[in-house]
Number of protein chains: 2
Amino acid sequence: MPQLRIALAQTNPAVGDLSANAATLLEWTRRAADRGAHLVVFTEMFLTGYPVEDLVLRASFVDASIATLEAVAARLAAEGLGELPVVVGYVDRAGVAPRPGQPKGAPLDAAALLHRGRVVVRTAKHHLPNYGVFDEYRYFVRGDRMPIFRLHGVDVAIAVCEDLWQDGGPVSAAAEAGAGLLVVPNASPYEREKDDVRLALCADRAREAGCALAYVNQVGGQDELIFDGDSIVVGPDGGLIARAGQFREELLVTDLELPAADPTALPGAFPVDAKDGTTITVERVELSAEPLPAYTPEPPVVAPRLDDLEEVYSALVLGVRDYVTKNGFGSVILGLSGGIDSALTAAIAADAVGPDRVHVVLMPSRHSSDHSVGDARELVERQGLHSRLVPIEGIVDAFEKEIDLHGLAAENLQARVRGMLLMSLSNEHGHLVLTTGNKSELATGYSTLYGDSAGGFAPIKDVLKTTVWELSRWRNAQAGRGGELLYPFAVPPIPENSITKEPSAELRPGQRDTDSLPPYDLLDRLLADYVERDMGKGELVAAGHDAELVARVIRLVDLAEYKRRQYPPGPKITPKNFGRDRRLPITNRWRETPAT
Amino acid sequence: MPQLRIALAQTNPAVGDLSANAATLLEWTRRAADRGAHLVVFTEMFLTGYPVEDLVLRASFVDASIATLEAVAARLAAEGLGELPVVVGYVDRAGVAPRPGQPKGAPLDAAALLHRGRVVVRTAKHHLPNYGVFDEYRYFVRGDRMPIFRLHGVDVAIAVCEDLWQDGGPVSAAAEAGAGLLVVPNASPYEREKDDVRLALCADRAREAGCALAYVNQVGGQDELIFDGDSIVVGPDGGLIARAGQFREELLVTDLELPAADPTALPGAFPVDAKDGTTITVERVELSAEPLPAYTPEPPVVAPRLDDLEEVYSALVLGVRDYVTKNGFGSVILGLSGGIDSALTAAIAADAVGPDRVHVVLMPSRHSSDHSVGDARELVERQGLHSRLVPIEGIVDAFEKEIDLHGLAAENLQARVRGMLLMSLSNEHGHLVLTTGNKSELATGYSTLYGDSAGGFAPIKDVLKTTVWELSRWRNAQAGRGGELLYPFAVPPIPENSITKEPSAELRPGQRDTDSLPPYDLLDRLLADYVERDMGKGELVAAGHDAELVARVIRLVDLAEYKRRQYPPGPKITPKNFGRDRRLPITNRWRETPAT
């Protein structure tokens, strides 16, 4: 059987920076050539980065994407890399007449094959996802072509991302056309426990297409989305052949033995039934008909899987690092209360950008306990952060001299003075403010607008409180270990007392979280069912949650919608992160009341 | 020709409040019956309100919608209204097998005909809008039926909203089925100068369907969207017969002479080619075959059109009123600087909720000019608002005693102290904070995060500065006039000096807006082209904007994306309001740089 060495470029593009992404393409293609690869595959919309949202509706952006593709094809050839075929995602446009309801300019989530200085074929995603975090009917028109190119005697087909997730379409066309290999550029974001779904999907689709399948995924943080890599190669039987690491860039090079192309299948275009109610035009081209002389394959790489907590922690660290650096910040700042949320956020920040670029502020009030400052100071010492102490009492007094505040208004004032101090120091010194709230607080509205919710990025906004504790213990257990996503702290970075003490906002004397909220173990299980699984009141009670608690928590969650909208973005790790995948009206009187 | 008296219920539903909406349906149906109507038509998704966003993905919500529909049909009959047919929008679900990419539960943007205590037929929107502020591929599956019911010898067909805006589908099926009247429930938001498009569209589709067309639209504010009513009845030649007012509830009762139904067209279902690549099943039912005895028609109502500035002002007032009341607030609070933005916002607020529910705070600093407090005081007197004076100097000093701040950081501090004072008073007294920034500021990032941008609703966030001045002069010219959307101030509510003086943020000595921004007349024209028309750098220069100004403004606008995300919602009046119809990545390195 003919052989091919394929290189999957699991890379971290910058959204909108076409020049930088083109330069990365050249560099990684050179690395693939140095490894002796016969084909390089980049990710979905690699040249533009993904997702680009409404940028795609701007004509100048689409023009630049197409021009960059053509320029990079020429540059590959000019730099002696023209013989190595490259498959890469970009944005193109369909040459169709405008019609109502179609996105302006008819953009395509496209992929192209570059060879010998030319763009040989172009294709585009056929199935457009429009659920969860995806809005692709807003952005793209459907592709209806599938290229299949003969390379060293093997027929290689191209599909794009969602084309794997839905029935019919390009996978079906690849089977029909007798492809020997299906390559699939992706930009598929991380979600907790999604990785096994992805492998099962690749295996199913490989069997359906009747050929090996090479799945290459983007890596890196882009606003709320964290792309985890995890690129996969499976055989025609669905068996795993190679797998890249998670949450890191990697050039996954894999030798494959693949079926010889049918010599009677000649170049040209022909329609096939896509088995989803549409017709796809298969476009067959030939780069090289002769198989390569036999060579000794390299053993395939199968990166070990991370366990669940390491996956989550890695996603948070990568999300913070990329948000900070891609937005051009050199350092971060956060308030340290001595509690577990800010302690974990500090550890994530230190792992993401290094302790020397993490600035913390201790802002005790008249209600702060002795252990607050003590635990915060211990953390500073363990992690080696920059710290300063700013007591808030004088400022709070100055406010209270001008206006009379009681109860919640007085509590919120303290949180807001802290938020303002952080924002002021951010403006003065250029640090990005990290917000330290967790998902349980965010869900129930247990936070202060413009107070503890102020900031630019919220590392643990999608982490329930019980998981905050789990991650803290997990991180402490890694002391002594290092790596790309873990700073090599010699000692556990989080003080034990911050983990074990009872949670309190310390905004009034003797306050405890349980004064306002149910115990976190009960609350978090209920939130997972209500928020992440969209269960209604009846279903929640049937699932064993206490009816009174259900009514109370639904009410808290529903009323906090406005606060959540004003919250900074943060890394998405679950199916519902209070970001773009959960969109509710603010003016919303739905209370599961009985119908009239 | 047979006659029919149709009543279009141009109403203001509450999103999620199924009980309240059902009660409104009963009340308005009784009013229609009292007026002798033979058919009542409510708006799109009237029972649930529109838009409901992700609520529709919750099974309990869809269940409640369907149960409410059935209950309200029974209640109409029980209350003696069963003989009067009612067409009403609600949410239903399609009985289709789940598949990947389809919204959970397969919801339908449905409409039903109620008669004699029963739901006679059900249909659903065929064309799903997924652009601008609409995300309907996320929420709904496509309807593929079109009911046509015989009422007093006239065949009446039903289509829903977007079915008018796109080619083929129900309008085409109505023509095919020989309908004598097409009724169309809508929830179509206001956009500046959109009204003429709407009339032209109704006229075109009536001619295409070959019958009269009755278009009934929702009215009222729902978060950022303002529905303007403007319900329309046109004849089969497209000629205008009747038109309801804008920005107010109205029962538009119109007598029509309509073609007699073909007696050979019998009840039953049959497929027709929808001329958009799909097939629609026409479902023909009969309520009453005999025409009514001839009666004397009432003269049709054609409400006069508002001029452009009155439209905009009305949208802002209605938007504020509904956001305040639907969210359960009894009063509003805002900071009054003496400048034009807060002056106009105060006037809008007073018109929306009455001056007695408007609280203003004057917060001078060491940099405030004499005229600031003077102009603000004059406004308070002209409008009769509640006011208080809170100097910020002492609080600013208390901050500066703890941390050293310079330049922008020191300016932002002042804005933030004011934002915190307003939030504190809001928390203490329960007022909703109104944010006073305009669209020119928001576009260029000329505002302070958590400072002047703090609040719950931003009445003029979609109004460019030059339009702020125009609206202020317009409002002053209405002094002495009253009405549902104008408080009857005897004198011009805005001090002349606030309109004519040079704009300044007054955050440092002698500061002027033009220190940081281009003159507003140049800036606003450029913003309209860049933001609302999505023109690229090259197009902008070609359109006559100064190249240096273009580069500078594009940079300002692009860098301010994060601030805009954190801004409160506000009434949308233009095609791009920095709300849900303009979605850009925060991490975005697209700078229209030349391609590699």
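We name chains A, B, ... by the order of the sequence lines, and we start the count at 1 in each one.
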Supply the atom-to-atom distance B:L55 CG to B:S60 OG, rounded to the nearest 0.5 angstrom.
-> 9.0 Å
Between [options], which has the largest tally of heavy atom pairs under 4.5 Å with chain A?
{"options": "B:V390, B:I403, B:V56", "answer": "B:I403"}
{"options": "B:Y139, B:Y450, B:Y567", "answer": "B:Y450"}
{"options": "B:T587, B:N130, B:D135", "answer": "B:T587"}
{"options": "B:T448, B:N21, B:D223", "answer": "B:D223"}

Is it the side chain or the backbone of [X] that comes within 4.5 Å of chain A heavy atoms, both, or neither?
{"X": "B:D534", "value": "both"}
{"X": "B:Y131", "value": "both"}
{"X": "B:V417", "value": "both"}
{"X": "B:D404", "value": "backbone"}

Side chain / backbone / both / neither for [X] at chain B, heavy atoms under 4.5 Å:
{"X": "A:K401", "answer": "neither"}
{"X": "A:F399", "answer": "both"}
{"X": "A:P391", "answer": "both"}
{"X": "A:A14", "answer": "side chain"}
{"X": "A:P129", "answer": "neither"}

Any Lys/Arg nitrogen of [X] or [Y] sitting under 4.0 Å from an Asp/Glu carboxylate oxygen of the other?
{"X": "B:R580", "Y": "B:E53", "answer": "yes"}
{"X": "B:R582", "Y": "B:E561", "answer": "yes"}
{"X": "A:R138", "Y": "A:D54", "answer": "yes"}

What are the two closest non-hydrogen atoms of [X] and [Y], and how far apart are they?
{"X": "A:G455", "Y": "A:T435", "result": "CA-OG1, 3.3 Å"}
{"X": "B:L69", "Y": "B:L47", "result": "CA-CD1, 3.7 Å"}
{"X": "A:S453", "Y": "A:P568", "result": "O-CD, 3.2 Å"}

Most contacts with chain B, counted as non-hydrogen pairs under 4.5 angstrom, among [options]:
{"options": "A:E70, A:M420, A:R99, A:K326", "result": "A:M420"}
{"options": "A:P569, A:G419, A:G132", "result": "A:G132"}
{"options": "A:Q102, A:E136, A:Q166", "result": "A:Q166"}
{"options": "A:A410, A:G394, A:A454", "result": "A:A454"}
{"options": "A:M423, A:E162, A:E224", "result": "A:M423"}
{"options": "A:P585, A:G456, A:A59", "result": "A:P585"}

Strictly distance-based, threshold 3.5 Å: is any side-chain N or O of [X] a donor or acceptor partner for the main-chain N or O of [Y]?
{"X": "B:D276", "Y": "B:T278", "value": "yes"}
{"X": "A:S426", "Y": "A:L422", "value": "no"}
{"X": "A:Q566", "Y": "B:Q566", "value": "yes"}

Enumerate the residue pairs fulfilling ring-ring contact (aromatic ring centres under 6.0 Å, His included) with a member in residues 410-433 of chain B, sequence neighbours excluded, ordered by first and then second residue.
->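 Found B:H359-B:H431, B:H429-B:H431.
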Start with the C-alpha distance between A:L18 and B:W590, add both sets of side-chain angles, then the distance that settles side chain to side chain contact (heavy atoms under 4.5 Å, CB included), and finish with yes or no.
-> CA-CA 8 Å; A:L18 301 168; B:W590 168 240; 3.7 Å; yes
